[in-house]
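Whatever order the structure lists ligands and atoms in, that order sets their numbers, starting from 1.
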Amino acid sequence: MKTKDRAETGRLTEAIKKTLVALEAFNRFEGPDPAGRNRVVWTNMLDQPLPEKGVGLDQVLSELAGTVIGHGLRTGSPGFSGYVTTAPTTAAVAAQLAGMVAGSQRYCIQPFNLLEGIALRWLADLLAVPHDLQGVLVSGGAVANLIGLGAARQRTFERLGRDPSEHGLDSDKRWRVYASTEVHHVVRRAAAVLGMGRSAVAGIGVDDDFRMDVGQLRRALERDRSEGIFPVAIVATAGTINTGAIDPLEDMAELASEFETWFHVDGAYGLFGILDTRVAPLFRGLAAADSVVVDPHKWLAAPVGVGAAFVRDRELLVRAFSMGRAEYLTIRSNEEVLSPFDGLGDTYNELGVELSAPSRGAQVWAILKEIGVEGIRERIVRHNDFARQLAFRVEQDERLELLARPILSICCFRYAPSHVPEDRLDELNVEVARLLRAGGRYVPSTTVVNGRFAIRPCYINPRTTAADVDGLADEVRRIGDSLI
Ligand SMILES: *Cc1c(COP(=O)(O)O)cnc(C)c1O
């Protein structure tokens, strides 16, 4: 029966079909990327005043298909290797769509609630995350780090006799979080949001392979102890965003135990590397982690918006992120379950910073169900191979220079012919990178390695082939040659 509401609530098949035709075309990534060059056109079409009268579903669909989708972001295109991001695979898209319609909240007694838990258990199985850790799916690595450090803060201050989530921090005390200089910036922000301050995060130096120098870590811990500064957490990065370096987890875990502090492992990108037997030994020490972060929306190619945090102690996590009492969320029922609304299911709202939240487990479940551990392992190994293939290609070419040996699937290099002086190379490579992006076929991102501007592909994209890896090197060489 038709309601009075003006929004269409039926015709889903028709609407999705129209959108899908445009999405399928988008996913062919044909021709040069039009989004940058056509910016004025689509901005003018979209940037209209708030409509007093609606235009109706059909007009919305045609603008979506005609103006929006075609100018979308091509992070899934085979030559895209920027940041640590890619576009989702098909099963994950279908699962997300299913969740939007049939699992519009992750709570209550229904499959989408169950799949949150199953996805977390499967992720833990896949990545050797200790099973006694409580998981929660969140929006990404930034929030997952906040959750892990929130638990670390809770435990530290409870031991000092204060509940920090109830009463805030004790201003007479001083505290520190230890991370390497290569740590992701979201860790500093998490410290800020948790009231500890960005400046509480000590940047411990790294060795030649960009791994935390544990000698320096020990000295920092000892110095702070003698000054009465409390250690809140030691943060290890398992796969840094600059070079893919994996901190010495085992040594850091030992120091965490010796100094009785929390051991947090940020493996948002790199933890999947544990599936590649060549690098798996670098993850030794993971079993001692009190909290672990991993991002399904990176190497698993889940749609952006799916990260995971695992924390040692569920009750501690609840104390860290409790809202206090929320009566309307409390269901009194000891009876047989007759309705999905007779319970909240597993109460993820108590384990993080979100209340209403979309289903995220279905996406992870769909991906793992589709290709299994074998399929994921094969992807990780292939991508780690790509970084090595590129490093080899770079070393064969006298005009290219390797800036960091690949550990996982990142390879940092630059265009550096011997006759170009060092002080001109940054500027030259900035221009190479700009022209690469303008070409649209091969789009890596860039970083700075030991003070040198680097071209930095990170291979996590399921659509990338070995030919795209060589193609990037060839293109850097061609653009560089044309510039000098
Ligand atoms: C990507 C990444 C983050 C941030 O995660 P988001 O999902 O972008 O919020 C944090 N730490 C590491 C090591 C990462 O690779």
Side-chain angles (χ1 to χ4, degrees), residues 73 75 80-88 92 123 127 129 135-150 152 177-194 198 201 203-204 206 210-212 233-247 249 252 263-274 279 282-283 286 289 291-310 352-354 357-358 360 363-364 380 383-384 387 404 406-410 412 444-445 447 456-461:
L73 195 63
T75 53
F80 180 83
S81 57
Y83 313 104
V84 190
T85 195
T86 186
L123 276 177
L127 303 173
V129 174
V136 59
L137 292 173
V138 297
S139 59
V143 173
N145 275 292
L146 178 75
I147 302 300
L149 291 176
V177 171
Y178 304 84
S180 91
T181 50
E182 295 286 301
V183 73
H184 199 291
H185 294 87
V186 297
V187 166
R188 289 213 163 72
R189 180 169 59 194
V193 173
L194 290 163
R198 282 192 295 273
V201 181
I204 308 291
V206 294
F210 306 99
R211 311 169 76 210
M212 183 188 279
I234 293 175
V235 175
T237 307
T240 62
I241 39 157
N242 280 331
T243 66
I246 299 163
D247 280 337
L249 304 186
M252 293 169 74
F263 183 42
H264 175 78
V265 177
D266 179 4
Y269 152 54
L271 188 55
F272 295 99
I274 203 168
V279 283
L282 297 175
F283 294 90
L286 180 68
S291 49
V292 177
V293 166
V294 64
D295 255 353
H297 70 200
K298 287 180 172 165
W299 231 331
L300 278 193
V304 167
V306 189
F310 293 88
V353 292
E354 292 167 287
R360 299 182 174 107
Q363 290 88 302
V364 175
I380 305 303
H383 287 157
N384 288 345
I407 297 152
L408 295 167
S409 64
I410 292 175
C412 294
S445 47
T447 190
R456 172 207 162 278
C458 171
Y459 295 107
I460 60 165
N461 184 342

With heavy-atom distances below 4.0 Å as the criterion, list the atoms of ligand 1 near [X].
X: Val186; result: 10 (C)
X: Tyr269; result: 15 (O)
X: Gly140; result: 7 (O), 9 (O)
X: Ile241; result: 14 (C), 15 (O)

**OP:** Could you find the nearest protein heavy atom to atom 6 (P) of ligand 1 and give me its residue, atom name and distance?
**Re:** Gly141 N, 3.2 Å
Subject >> Identity and separation of the nearest protein heavy atom to atom 13 (C) of ligand 1 >> reply: Asp266 OD2, 3.3 Å
Original post:
Is the shortest heavy-atom distance from the side chain of Gln363 to the side chain of Leu300 under 4.5 Å?
Top reply: no
**OP:** Flag the pair Thr240 / Ile410 as yes when at least one side-chain heavy-atom distance between them is below 4.5 Å, and no otherwise.
**Re:** no
Original post:
Taking only residues two or more places apart in sequence, or in another chain, which ones meet His383 in a side-chain hydrogen bond (donor to acceptor under 3.5 Å, both in side chains)?
Top reply: Trp299
Original post:
Can you name the side-chain hydrogen bond (donor to acceptor under 3.5 Å, both in side chains) partners of Ser445, sequence neighbours left out?
Top reply: Arg456
**OP:** Specify the closest pair of heavy atoms between Tyr269 and Gly239, including all atoms of both residues, with the distance to one decimal.
**Re:** CD2-O, 3.6 Å
**OP:** From the options His297, Lys298, His185, Arg189, select the one whose nearest heavy atom is closest to atom 2 (C) of ligand 1.
**Re:** Lys298
Original post:
Would you say Gly239 touches ligand 1, if touching means a heavy atom closer than 4.0 Å?
Top reply: yes
Original post:
Within the side chain of Asp247, is there an N or O that forms a donor-acceptor pair under 3.5 Å with the backbone of Arg211?
Top reply: no
Original post:
Do any N or O atoms from the side chain of Asp295 and from the backbone of Gly141 form a donor-acceptor pair under 3.5 angstrom?
Top reply: yes
Original post:
Would you say ligand 1 has an N or O under 3.5 Å from any N or O of Ala142?
Top reply: yes
Original post:
Applying a 4.0 Å heavy-atom criterion (strictly less than), which segment of Val84 is in contact with ligand 1: side chain, backbone, both, or neither?
Top reply: neither
